[in-house]
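In what follows, chains carry the letters A, B, and so on, assigned in the order in which the sequence lines appear, proteins first and then strands, with residues in each chain numbered from 1. Being a predicted model, the structure only gives us computed values, none of them experimental.
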There are 2 protein chains.
Amino acid sequence: MTTRTRRTSEEDRKLAKTLKESKAPAISRAAAILRLLGKSEAPLGLQAIARALGLVPSTCLYVLRALVAEEFVAFDPDTKRYSLEAGVLTLARHWLKRNQFTDLVQPELDRLSQAFDVTMLGVNIVGLDHMIVVAVSQSGNNFQLSAQIGSRFPALISATGRCIAAFGGYPDAELESRFNTLRWDDPPTLDEWKGQVEQTRAQGFGVDEGNYITGVTVVAAPVWKSRGALSHAVVATGIGSALKRTGLPPLQDALLSSAQTLTVQLGGEPA
Amino acid sequence: MTTRTRRTSEEDRKLAKTLKESKAPAISRAAAILRLLGKSEAPLGLQAIARALGLVPSTCLYVLRALVAEEFVAFDPDTKRYSLEAGVLTLARHWLKRNQFTDLVQPELDRLSQAFDVTMLGVNIVGLDHMIVVAVSQSGNNFQLSAQIGSRFPALISATGRCIAAFGGYPDAELESRFNTLRWDDPPTLDEWKGQVEQTRAQGFGVDEGNYITGVTVVAAPVWKSRGALSHAVVATGIGSALKRTGLPPLQDALLSSAQTLTVQLGGEPA
DNA sequence: GAATAATATTCTATATATTGAATATCTGGT
DNA sequence: ACCAGATATTCAATATATAGAATATTATTC
């Protein structure tokens with residue numbers, strides 16, 4: 001490891017850009033630190049954090065101290081290492097408490113996961129950047145696919161991604177450039193994908209058969225929280241071969257019906 | 001409602017103080033906003049947020065924009081209202097994933113809640129300010145006491161508070177001034193409380209019989225994560241009359257034993 | 001539907017958060 | 001136990017985030 005290591009990862013570039021444009025760069029720095037600490041296996045020291053994010057150590061120190069004062073970051077005075085603090089749980093609790101979508105989907109997810117022996121997810125769509133899993137129901141019978149509340153995925157990936165592309169109302173150019181950054185086990189070509197998005201728009205739900213994860217089939221149906229504002233999705237995931245046996249159509253129908261019910265309950269309607 | 005309303009709540013004063021002393025005030029502002037949005041029933045507009053926290057609207061706007069960019073806050077362009085975003089779940093997920101205490105306590109909590117028909121909590125002690133519930137197990141048989149992961153309590157309250165006072169190594173003056181800010185259903189006098197803290201130190205666990213919540217008995221035992229660093233507690237709560245029937249001592253012994261096991265597993269030891 | 005009040009947003013001077021170098025402190029190897 | 005190499009922390013100059021007034025937008029009242 002030489003003294004001069006220019007490490008400018010993708011994350012760094014994004015952070016650097018945000019910092020330039022923002023009128024409150026300390027917050028971008030804080031968020032980057034929180035995410036880094038979240039990803040990290042072990043607590044990190046000041047230098048490690050500053051280097052990983054391309055921050056000035058002294059600035060980084062001040063941000064860390066503020067985060068410690070706010071109880072988002074824990075500081076061990078003995079080792080001088082930083083890690084996430086339990087305070088982040090409190091925010092999550094508040095979010096869950098106030099969110100009606102989670103309350104409304106949970107029974108639907110439980111019902112569908114039982115009926116079709118699949119893992120059901122409720123996801124929140126956050127702009128064109130990400131979707132976040134906010135509710136889960138596992139069937140419990142078969143091999144369980146791991147998926148946890150709080151998991152983040154790129155917006156356009158898998159079946160849900162096709163829904164977002166189909167119903168999000170984003171310009172083609174934007175979609176294409178983001179499509180190119182996605183990682184799939186078995187990537188579709190852009191043309192294939194566009195065709196699938198078109199099909200999603202036509203039939204009202206999206207399907208991913210082994211593209212995102214080999215052997216896994218994903219079906220997703222969109223939920224609107226107000227006119228034209230695509231906000232959530234109901235998602236079913238299962239081993240492709242197992243789903244083939246029972247047949248996809250009944251699941252797709254049930255999923256679509258659930259999503260439509262939820263849209264009504266949330267006071268929304270499709271664009 | 002007159003035009004001139006000078007609202008300087010306790011929270012405001014604390015925020016104001018933090019802002020002066022911090023080298024990264026934007027982060028204190030951001031944290032205050034996140035907590036406010038967490039508490040709020042409905043999404044809030046810019047003015048409402050700025051007024052509640054004593055912030056300058058323009059500054060508040062810049063902070064909010066940064067928080068929206070970082071996906072911690074959701075912005076509805078139609079209503080121009082802000083609320084917590086699902087992104088906060090992601091941080092919580094990471095925290096839970098990395099935290100070994102939660103993994104280690106959960107089976108203990110489940111075992112004890114079953115054995116004694118009580119609600120068991122694992123709590124994280126954050127300085128002298130707060131404790132945060134990080135794991136829960138309900139017995140399921142009797143009337144369930146509500147308690148959720150992420151709940152925050154003042155550090156010195158109830159049975160756990162007596163543990164923190166007894167084993168935290170904080171100066172008496174500090175303890176007394178904080179004791180005076182606590183809210184109990186049936187507050188003990190300072191002298192009574194000091195006696196109970198003394199007893200807690202002697203017997204190794206704390207008890208609260210109806211002081212914090214009328215009719216509810218709470219027992220708490222401390223867990224250390226390193227030499228002298230009080231970091232967690234195992235807590236049992238139940239209806240006082242029900243606990244009387246079975247007798248407290250067996251529960252207290254089991255609790256103390258669990259806490260000691262956990263201390264060893266975490267590599268800590270009492271001061 | 002016009003007028004008014006309230007709210008959100010832009011803009012600019014200035015107090016200050018950030019930087020980068022200097023200093024203190026810790027860590028690991030011999 | 002000492003010394004190097006690394007890490008954490010302080011400090012003063014300056015680039016810039018912030019406050020407050022000015023403007024644009026939205027909501028409310030008559």
Can you name the residues that form a side chain to side chain donor-acceptor pair (under 3.5 Å) with B:Q260, not counting sequence neighbours?
-> none
Could you grab the distance from atom CG of B:N124 to atom NE2 of B:H232, nearest 0.5 Å is fine?
-> 3.5 Å
Measure from the side chain of A:Y62, starting at C-beta and using heavy atoms only, and say which of C:dC11, D:dT7, D:dC11 lies closest.
-> D:dC11
A:I49 atom CD1 is separated from D:dT9 atom P, nearest whole Å, by 11 Å
Please state how far atom CG in A:L64 lies from atom C1' in D:dT9, giving the value in whole angstrom units.
-> 13 Å
Tell me, do B:F101 and B:V134 make a side-chain contact under 4.5 Å, heavy atoms counted?
-> yes
By nearest-nucleotide position on DNA chain D, the 5'-leaning member of B:K23 and A:A24 is B:K23
How many Å lie between CG on B:L61 and C1' on C:dA8, as a whole number?
-> 7 Å
How far apart are the C-alpha atoms of B:L91 and B:W95, what are their side-chain angles, what is the distance that settles it, and do they pass the side chain to side chain contact (heavy atoms under 4.5 Å, CB included) test?
-> CA-CA 6 Å; B:L91 285 180; B:W95 186 90; over 6 Å; no
Are B:R178 and B:D129 within salt-bridge range, i.e. N to O under 4.0 Å?
-> yes
Could you list the residues that satisfy salt bridge (charged side-chain N to carboxylate O under 4.0 Å, His left out) with B:R98, not counting sequence neighbours?
-> A:E41
Would you say a side-chain N or O of A:R51 is under 4.0 Å from OP1 or OP2 of D:dA6?
-> no
Can you list every side chain to side chain donor-acceptor pair (under 3.5 Å) pair that touches residues 261-271 of chain B, not counting sequence neighbours?
-> B:R227-B:E269
Residue pair B:L46 / B:C60, side-chain heavy-atom distance below 4.5 Å | yes
What residues, two or more places apart in sequence or in another chain, satisfy salt bridge (charged side-chain N to carboxylate O under 4.0 Å, His left out) together with A:R29?
-> none
B:L44 CG to C:dT7 P, straight-line distance once rounded to whole Å = 12 Å
Close residues, residues 67-82 of chain A, relative to DNA chain C [heavy-atom separation under 4.0 Å] | none
Strand contacts (DNA chain C) in residues 26-35 of chain B, 4.0 angstrom heavy-atom criterion | none
Return the value, rounded to whole Å, for the distance between atom CG of A:L46 and atom P of C:dC26.
-> 15 Å
C:dT10 OP1/OP2 closer than 4.0 Å to side-chain N/O of B:R65 | yes
